[in-house]
Amino acid sequence: MNLLEVSQLDLAIHGTPVLESVSFAIEHGKTFGLVGESGSGKSLTALSLVNLLPPGSVRAGNGRLLDQDLFALDESQLCSVRGREIGMIFQEPMTALNPVQSIGDQVAETLIVHGACSRSEARNQACSKLERVELPPERFPPGMFPHELSGGQRQRVCIALAIALQPKLLIADEPTTALDVSTQAQILALLRSLVEHDGMSLMLITHDLAVVADMADTVAVMESGRIVEAAPTEQLFRNMRHAYTRRLLKASFHKPRRGRLNALHDQPLLRVENAVRSYRLPKSRLFSSAETLRAVNGVSFSLDRGESVGLVGESGCGKTTLTRAILGLDPLQGGQISLGGRPVLAGRKMSRSLRRRMQVVFQDPYGSFNPRHKVDRLVAEPLHLGDQSTNSARRREIVAQALEEVGLTGDDMKKYIHEFSGGQRQRIAIARALVTRPDLVVLDEAVSALDVSMRARILDLLAGLQVKHGLSYLFVSHDLTVVRVITDRVLVMYAGQIMEHGKTEDVFRNPRHSYTRQLLDAAPCIPRSWMQG
Amino acid sequence: MLRYTLVRFLSLCVTLVAASLVVFLVVEIIPGDPASFMLGLNAEPDTVAALRKELGLSGSLGSRYLDWAGGMMVGDFGRSYTYRVPVAELVVARIQVSLPLAFYALLLSTAIAFPVGIMAASRRGSILDIGIMGSTQLGIAVPNFWFAMLLVLVFAVGLRWFAAGGFAGWDQGVLVGLKSLTLPAIALAVTQASILARVMRSALIDTLGQDFIRTARAKGLTRRQALTRHALRNALIPVLTIIGLQFSFLLAGAIIIENVFFLPGLGRLIFQGITQRDLIVVESVVMLLVFAVIVVNFLVDIAYALVDPRLRIRQ
């Protein structure tokens, strides 16, 4: 008998159908993977099971957890199912915990709310649950608060509170999407051990095919509210029947066609020499001297005109700090950075003509735009760095041209940013970076928030623009697959230093440094043998 | 937490010194001689000279400031020119009215605003929410002196439950004193409660949309439990800010209500001080109010850290 059986699940929100006859089953002690692009209805399927849907939702169909009819339960019965029989963890560990409550209390609450034990007993239990998710009380006392933990550690706390009552089913909704590869590998290993040793069933929702290939026993593929294909994992990968599944797979391995640029080797475009950037840590005692953290510790590299260089490393390795120094946003404490032979200085000291020559595209396509400005103003903003002032007609022309170059239309300039999808927003961010005709574009996790199909299209766009305008890219990312397909050379950064650098293919094929090997091993992958034929 | 408190306390002291300098210098830079300004155009030169001496206007600027500031620290605020009594005596009498009135009004406003704001937020968009939002709008729009007069008409003139004005004093018991402050406290609380309820509602609605509320619900908490155990404490930060501002306002800004109810409070004292050009009273009472506001802000800062562990600097 299956643990969970869902059949003919329909869901409409304010009259708009979002799920249509979704049916699947999850066996005892097995992992079920649900994959699809963003907006395909994966999360809503999970939320339908425990009826935590947005207002205006109407649900129909059947859902059985063992002999319990989930869809017939009233709200108070559902409250005793949530957390006790079905535990859930979500994508954003940074915001999923209450910032003003200690981690021990948050784990204990699951036990207290379900009346499983007394308050003091719950506190002891919470410690052992935190230990189960590898947060031992010696280093992570239950009185710690979420802001004192990293993203991966917070996700462990979320798992601890979800499994505190040994639920039969654990739903993990994109549990590792916001984490870097090494942390992702650790969290996935923890989830796997919960299934193997604690007898839980796992419903794993993700857009990453490699993660399901690694984790799931059976997989269902979802497209616009329907399950288009479902099979045991190996069978599904060996024999993909539906065109959408094949498209997803192709997109996740997509390699953009990169035209050859004649890199001019006479003088590097960007030169970073012995860069040092340190931060003062908060004092541990009132009168002790402050310690410093060297976030970037003697980094040197150069980047030629027309070249793409990848900068990879896990979160906290100093990538962002280095990027900010290169962009002239933060000063260096040692060493120097130059662009085209002219020194890059922080703040107002740098001339506008130099600043114009480098632009940046950030990860969050929504957060990096002012929501109250229209697209024409957003895209035209860097134009003030130009030498002569541009009149409004000319400005419109430039904006329209930039938007068309990134695959949008000139009419889009009259819209606001919320009217666009994530992929379109990232196109607008690229258009904004291009209007000043820069030499160097820094892409800071620029495709990390996009799902595979959108990512593939943006990578194509970037490759095309590079040839057309002779751009150089500095591609900062924790996503190794992306770096591999779009860069010529790669720098591997760890604890503020460059551990290894070389031609991308060489580094990926024969990593010399142990840290690089560790990073490459951590990335989940689809077994090669599954994809022959 | 200790470190945070210490840092806040140091900033309190610095602010106090800076504020006292400003208050002192403002009186100093008033054009002309403060003594002749206080006595008016037709004053005899002897009287002016006598007042100058009384005001401590002889001596250097620095030593005068030190005398004034040092005197206040030991409770010597100087003598009022018009009342001919030590300012400290005047202030003590007035503070016995103003401080309880401010607390009373704040307590009422919080007691009304919390449940009302929580109800509106938890039933967002319902008839109840719309009704609450409408009436708080009205509560803010209605001038409190008009509302005060309405209260007098209904409860003092009509029903005769309360006296129409005056303060009975604390000698005849706490209840008698509180009774004479009830109508003024209600009149003051209505506006404050309306503002606070709106802040509470919007802060709660913001918090209820956060990811950790979804986590709480996925744990098995009911909607109400998620609200009381998780959302409320997070929503408290903007609410505390408003409460702090309101207390400062109630302490000195109740002057119109004090006038409507003939209450001998601080607001009236400072008003009389200004009209009678009694600079000694004005200077001292302003300084006292500045002190109260700074202390309240300090307490609000401490309350922030109690509510939000992210603000505490870890030992």
Side-chain angles (χ1 to χ4, degrees), chain A residues 43 46-47 50-52 54-55 75-76 78-102 105-116 143-148 154 157-158 161-162 164-165 167 170-171 173 282-287, chain B residues 1-11 121-126 129 203-240 302-315:
Chain A
S43 299
L47 293 171
V50 289
N51 202 12
L52 283 178
E75 179 58 26
S76 73
L78 272 168
C79 279
S80 59
V81 169
R82 295 182 202 126
R84 188 203 292 271
E85 323 245 331
I86 301 179
M88 292 183 89
I89 55 173
F90 302 98
Q91 175 170 358
E92 266 309 323
M94 301 312 272
T95 51
L97 293 169
N98 184 347
V100 306
Q101 207 177 44
S102 72
D105 285 351
Q106 296 195 50
V107 176
E109 190 177 35
T110 308
L111 301 161
I112 296 166
V113 149
H114 290 281
M144 276 181 106
F145 287 97
H147 70 272
E148 297 168 291
R154 290 186 207 194
V157 176
C158 291
L161 62 85
L165 283 164
L170 179 64
I171 300 175
D173 187 354
K283 292 184 192 176
S284 51
R285 290 226 183 96
L286 191 53
F287 296 107
Chain B
M1 183 75 200
L2 184 73
R3 196 182 128 92
Y4 174 86
T5 315
L6 215 64
V7 170
R8 289 289 121 200
F9 185 74
L10 280 179
S11 108
S122 59
R123 294 187 184 76
R124 187 185 179 187
S126 67
D129 180 28
L204 260 182
I205 285 175
D206 273 358
T207 318
L208 285 172
Q210 306 260 326
D211 285 352
F212 61 81
I213 298 297
R214 185 180 58 184
T215 306
R217 298 274 285 138
K219 264 188 208 176
L221 272 72
T222 62
R223 202 180 287 274
R224 177 188 287 268
Q225 283 171 327
L227 189 142
T228 51
R229 296 190 192 178
H230 292 276
L232 202 55
R233 192 160 157 199
N234 278 282
L236 223 49
I237 289 175
V239 172
L240 278 173
I302 302 295
Y304 281 160
L306 288 177
V307 169
D308 190 343
R310 284 167 296 185
L311 294 174
R312 294 172 212 159
I313 303 167
R314 272 195 89 77
Q315 303 269 320

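Residue numbering restarts at 1 for every chain, and letters A, B, ... go by the order of the sequence lines. Any value given below was found using the heavy atoms of this structure, including those in side chains, with hydrogens, waters and symmetry copies removed. Note that the structure is predicted; figures quoted are calculated from it, not measured.
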*Asks:* Most heavy-atom pairs under 4.5 angstrom with chain A, which of B/Arg223, B/Arg229, B/Gln210?
*Replies:*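 Ranked by heavy-atom pairs under 4.5 Å with chain A, first place is B/Arg229.
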*Asks:* Would you mind telling me which of A/Ser80, A/Pro55, A/Gly83, A/Cys79 has the largest number of heavy-atom pairs within less than 4.5 Å of chain B?
*Replies:*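 Greatest number of close heavy-atom pairs with chain B: A/Cys79.
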*Asks:* Let me know if A/Gln106 has heavy atoms under 4.5 Å from chain B in its side chain, its backbone, both or neither.
*Replies:*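 For A/Gln106, the contact with chain B is made by backbone and side chain together.
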*Asks:* Quick one: does A/Arg154's side chain have a donor or acceptor within less than 3.5 Å of a partner on A/Pro146's backbone?
*Replies:*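 It does hold such a pair.
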*Asks:* Using the rule given for side-chain contact (heavy atoms from CB on, under 4.5 Å), can you reason through A/Leu52 versus A/Arg82, listing the C-alpha separation, both sets of side-chain angles and the distance that settles it, and then say yes or no?
*Replies:* CA-CA 10 Å; A/Leu52 283 178; A/Arg82 295 182 202 126; 3.8 Å; yes
*Asks:* Can you tell me if A/Gln101 uses its side chain to pair, donor with acceptor, with the backbone of B/His230 under 3.5 Å?
*Replies:*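 Such a contact is absent between A/Gln101 side chain and B/His230 backbone.
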*Asks:* B/Thr215 side chain to A/Ala96 main-chain N or O, any donor-acceptor pair under 3.5 Å?
*Replies:*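 Yes; judged by distance alone, with no hydrogens or angles, the pair exists.
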*Asks:* Based on non-hydrogen pairs under 4.5 Å, which of B/Ile213, B/Val307, B/Asn234 is most in contact with chain A?
*Replies:*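 Looking at each of B/Ile213, B/Val307, B/Asn234 in turn, B/Asn234 comes out on top.
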*Asks:* At a heavy-atom separation under 4.5 Å, does A/Ile171 approach chain B through its side chain, its backbone, both, or neither?
*Replies:*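 For A/Ile171, no heavy atom lies under 4.5 Å from chain B.
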*Asks:* Out of A/Leu78, A/Asn98, A/Thr95, A/Thr110, return the one with the most heavy atom pairs under 4.5 angstrom to chain B.
*Replies:*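 Most heavy-atom pairs within the cutoff with chain B belong to A/Asn98.
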*Asks:* How many angstroms lie between atom OG1 of B/Thr5 and atom CG of B/Leu10, to the nearest 0.5 angstrom?
*Replies:*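 The CG atom of B/Leu10 is 11.0 Å from OG1 of B/Thr5, to the nearest 0.5 Å.
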